[in-house]
Amino acid sequence: MPGIEGLRTLCYRGAMRPSRAALLGLALLLPALSACLQGPKVADPRIGETRFLCCNLRYEKPAVTDNPYQVGTLIPVGTRVQITGVRKNSVTFQPDGYPAITMVNRYGKKVLPMDGLIDRWLVTTDPKPAIARLPKKIRPLVEAGQIEKGMTRQQVLWSWGYPPANRTPDLASPQWSFWENRWHQMVVYFDGDKVSLIQR
């Protein structure tokens with residue numbers, strides 16, 4: 001029986017080199033072993049929850065980002081949704097009467113983590129009763145996804161949704177940046193709580 005030095009010599013000379021089949025078997029075994037050590041994956045507890053859209057959401061495709069454009073089909077504020085999937089940087093939800101939507105936290109994830117994005121857009125309290133109490137002049141604007149001077153920050157949120165966190169990290173800022181589409185940016189300026197200027 002060779003000693004330690006003898007074994008080192010055998011390995012160095014290739015006498016104990018593992019076969020390709022053994023290496024392949026080890027490569028296939030490692031992921032399974034790793035999964036066993038980590039334990040079973042636990043589903044996100046929000047999956048299956050019923051929530052409501054905080055704001056109007058427009059989409060052209062069933063995948064949108066945390067910078068949703070102001071074009072495409074409008075899913076109304078307060079639409080009931082069911083969360084069907086949560087990943088590291090995305091959430092998938094099924095709005096009543098619309099296709100399933102996946103929102104990807106692409107641009108502002110360094111400012112607003114995924115949990116914060118979910119809680120902003122998918123709220124636990126239906127906003128429709130509050131919208132029903134809006135002044136007669138403002139309510140149709142919110143329902144149509146439009147804004148105008150004099151609206152409050154909350155009314156702008158209901159109408160256009162949250163500005164992307166990478167461009168507007170602080171909602172107390174005197175200006176919010178939105179994108180109409182991938183080429184055209186719009187800026188909403190506030191004087192206190194009221195819209196003072198809309199730069200299109």
Work out which heavy atom in [X] is nearest to a heavy atom in [Y]; give both atom names and the distance.
X	Y	result
Val142	Asn56	O-ND2, 2.7 Å
Leu74	Tyr98	O-OH, 3.6 Å
Thr102	Ser90	CG2-CB, 4.1 Å
Trp121	Gly161	CH2-CA, 3.6 Å
Glu148	Val195	O-CB, 3.8 Å
Phe190	Thr152	CE2-C, 4.5 Å

Worked verdict on Thr92 versus Ile101 for side chain to side chain contact (heavy atoms under 4.5 Å, CB included): CA-CA 6 Å; Thr92 301; Ile101 300 292; over 6 Å; no
Check the pair Arg120 / Leu112 against side chain to side chain contact (heavy atoms under 4.5 Å, CB included), numbers first and verdict last. CA-CA 10 Å; Arg120 271 189 175 184; Leu112 182 69; 3.7 Å; yes
Does any pair with a residue in residues 45-91 pass ring pair (Phe, Tyr, Trp, His ring centres under 6.0 Å), and if so which ones, sequence neighbours excluded? none
For the [atom1] atom of [X] and the [atom2] atom of [Y], what is their distance to the nearest 0.5 Å?
X	Y	atom1	atom2	answer
Asp126	Cys54	CG	SG	12.0 Å
Lys109	Asn166	NZ	CG	11.5 Å
Met103	Asp66	CE	CG	7.5 Å
Gln175	Asp170	CD	CG	11.5 Å
Arg167	Gln185	CZ	CD	4.0 Å
Ser173	Arg153	OG	CZ	7.0 Å

[Y] side chain reached by [X] side chain, heavy atoms, under 4.5 Å:
X	Y	result
Thr50	Arg80	yes
Glu60	Val71	yes
Ile83	Arg51	yes
Val91	Arg46	no
Val77	Lys128	no
Val156	Phe178	yes

Mind checking salt bridge (charged side-chain N to carboxylate O under 4.0 Å, His left out) for Lys88 and listing every partner two or more places apart, or none if nothing turns up? none
Report the C-alpha distance between Tyr162 and Leu171 in whole Å, list the side-chain angles of each, state the deciding distance to 0.1 Å, and finish with yes or no for side chain to side chain contact (heavy atoms under 4.5 Å, CB included). CA-CA 9 Å; Tyr162 281 89; Leu171 293 176; 3.6 Å; yes
Please say yes or no: joined through hydrophobic side-chain contacts below 4.5 Å, possibly via intermediate residues, are [X] and [Y] part of one cluster?
X	Y	result
Ile75	Leu141	yes
Leu134	Met151	yes
Val123	Ile47	no
Leu157	Ile198	yes
Leu53	Val104	no

Under a 3.5 Å distance rule, please check whether Trp179 uses its side chain to pair with a backbone N or O of Met186 as donor and acceptor. no
Would you indicate whether Asp191, at its atom CG, is surrounded by more than 12 heavy atoms from other residues, nucleotides or ligands within a distance under 6.0 Å? no
